[in-house]
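Single-structure report; data block below.
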Amino acid sequence: MKYLIDTHTHTIASGHAYNTIDEMTRYAAGIGTKYLGITEHAPKMPGSCGLFYFGNLKVVPRKKYGVNRLMGCEANIIDFKGRIDLDKYGLKQCDIVIASLHIPCIKPGAVEENTTALIGAMKNPYVNIIGHPDDNRYPVDYEAVVKAAKENHVLLELNNTSLKEGGPRKDARQNDVKMLKLCKEMNVCISLGSDAHIEEDICNFALAEELLCEVDFPERLIANTDIDLLRSYL
């Protein structure tokens, strides 16, 4: 396994994943993972955890079974201004915050609206990563998104689950190629997220790695290669 940091995983607290925090951590330890981002869906996602779940993250040990745990959230972007569904009370307890567009939480808009939503989320000081910005149901101006990520010091995610056959996003591969080429051109860092909803998917970046090789993407721009680089964005 090449990358020992996974910035995007879910447990049973998200409502549609299948392992506990400790089960995920034990499995991560067994495959050599050094840092595990546990990023539950925020409250607007149907079936997910509420505000007080995030407000109480301080009680969770940040290291167990030899794995460093980054306890956080995958917040939902809820309007075209880029507002998210978690307030300061919950966000300030998070070690890592991803902001994403999800169909149950916001209807897709026009290119300009979706782009403005992502850029607006980047301006939130608590947001570290824009999750899976590769879904053609939410078409965006990738040049504007990559430029804004650089200006706001936010990571753009290459999501391995998006690339799976029959995966949850539409036409993700072609959009990821476009995004990666622009990131390479503008020297913008990305993060790799497995988006694991079950322990066996932790640090599963096989499809993402194929794409990185295809576009000859430099390792120096991948935050999962170096915890100090990742922490510079958190």
Side-chain angles (χ1 to χ4, degrees), residues 7-8 10 14 37 39-46 48-51 54-55 70 72-159 161-162 168-172 175-176 178-183 185-193 195 221 223 230-234:
T7 56
H8 187 166
H10 298 274
S14 282
T39 49
E40 309 297 4
H41 286 288
K44 196 169 175 63
M45 178 64 72
S48 193
C49 36
L51 172 63
F54 298 100
L70 300 170
C73 73
E74 183 179 13
N76 300 290
I77 299 171
I78 56 174
D79 63 26
F80 296 127
K81 294 180 180 178
R83 289 184 292 187
I84 58 177
D85 62 337
L86 202 60
D87 63 17
K88 186 177 180 181
Y89 171 75
L91 290 167
K92 68 182 182 180
Q93 299 299 332
C94 293
D95 306 317
I96 186 168
V97 177
I98 301 170
S100 305
L101 294 164
H102 290 113
I103 292 292
C105 305
I106 182 173
K107 293 181 179 179
V111 171
E112 184 177 353
E113 291 173 315
N114 300 327
T115 302
T116 301
L118 293 185
I119 293 174
M122 291 181 201
K123 293 178 180 178
N124 185 317
Y126 288 98
V127 171
N128 314 122
I129 300 171
I130 295 297
H132 47 74
D134 54 15
D135 190 345
N136 250 3
R137 294 175 299 177
Y138 295 99
V140 299
D141 178 341
Y142 282 100
E143 187 169 352
V145 167
V146 172
K147 182 179 178 182
K150 184 169 188 175
E151 291 173 350
N152 291 282
H153 198 62
V154 171
L155 294 163
L156 296 174
E157 181 184 70
L158 179 59
N159 186 295
T161 294
S162 291
R169 263 73 73 177
K170 181 182 177 185
D171 300 327
N175 292 326
D176 284 326
K178 188 182 300 183
M179 181 183 78
L180 290 172
K181 287 181 176 179
L182 286 165
C183 287
E185 179 184 319
M186 297 187 201
N187 285 305
V188 172
C189 285
I190 65 165
S191 67
L192 303 181
D195 205 353
L221 296 179
L230 177 61
R231 286 196 179 280
S232 75
Y233 284 87
L234 302 184

Spatial distance of atom OG (S100) from atom CZ (R169) [nearest 0.5 Å]:
7.5 Å
Check: D195 side chain, H8 main-chain N or O, donor-acceptor pair, under 3.5 Å
no
So how far is it from S191 OG to I96 CD1, rounded to the nearest 0.5 Å?
7.0 Å
Checking E157 side chain against I130 main chain: does a donor-acceptor pair fall under 3.5 Å?
no
How close do A42 and N76 get, heavy atom to heavy atom, and via which atoms?
O-ND2, 3.4 Å
Report the C-alpha separation of C73 and L91 in whole Å, then their side-chain angles, then the decisive distance to 0.1 Å, and conclude whether the side chain to side chain contact (heavy atoms under 4.5 Å, CB included) test is met.
CA-CA 8 Å; C73 73; L91 290 167; 4.2 Å; yes
Please answer whether the main-chain N or O of H41 pairs with a side-chain N or O of S14 as donor and acceptor at a distance below 3.5 Å.
yes
Atom pair NE2/CE of H132 and M179 - distance to nearest 0.5 Å:
11.5 Å
Is a side-chain N or O of D85 found less than 3.5 angstrom from the main chain of K44, in a donor-acceptor match?
yes
Taking D176's backbone N and O only, do any of them form a donor-acceptor pair with Y142's side chain (distance below 3.5 Å, no angle check)?
no
E143 atom CD: more than 12 heavy-atom contacts under 6.0 Å:
no
For the residue pair I98 and T7, what are the closest heavy atoms and their distance?
CD1-O, 3.6 Å
Are L221 and C183 close enough that some pair of their side-chain heavy atoms sits under 4.5 Å apart?
no
Step-by-step side chain to side chain contact (heavy atoms under 4.5 Å, CB included) determination, I77 to L118:
CA-CA 8 Å; I77 299 171; L118 293 185; 3.7 Å; yes
Working note: R137 + D135, criterion salt bridge (Lys or Arg N to Asp or Glu O under 4.0 Å); need CA distance, chi angles, decisive distance, verdict.
CA-CA 5 Å; R137 294 175 299 177; D135 190 345; 2.7 Å; yes
Stepwise side chain to side chain contact (heavy atoms under 4.5 Å, CB included) test for I106 and L101
CA-CA 7 Å; I106 182 173; L101 294 164; 3.8 Å; yes
Any side-chain heavy-atom pair from L230 and L70 closer than 4.5 angstrom?
yes
Between D95 (side chain only) and G72 (backbone N and O only), is there a donor and an acceptor less than 3.5 Å apart?
no
To the nearest 0.5 Å, tell me how far L155 CG sits from M122 CE.
10.5 Å
Run the numbers on E40 and E74 for side chain to side chain contact (heavy atoms under 4.5 Å, CB included), then give the verdict.
CA-CA 6 Å; E40 309 297 4; E74 183 179 13; over 6 Å; no
Are the side chain of Y138 and the backbone of I103 linked by a donor-acceptor contact shorter than 3.5 Å?
yes
Would you say that V97 contacts L86 through its side chain, given a criterion of any heavy-atom pair below 4.5 Å between the two side chains?
no
Can you measure from NE2 (H153) to CG (N128) and round to the nearest 0.5 angstrom?
9.5 Å
First locate atom NZ of K92, then atom CZ of F54, and finally report the distance between them rounded to the nearest 0.5 Å.
15.5 Å
T115 side chain to D141 main-chain N or O, any donor-acceptor pair under 3.5 Å?
yes
Which heavy atom in P104 sits nearest to a heavy atom in P46, and how many Å separate them?
CB-CD, 3.7 Å
Donor-acceptor contact present, side-chain N124 to main-chain Y126, <3.5 Å
yes
Where is the tightest heavy-atom contact between L51 and G90, given as atom of each residue plus distance?
CD1-N, 4.0 Å
Main-chain N/O of D134 paired to N175 side chain as donor or acceptor, under 3.5 Å
yes
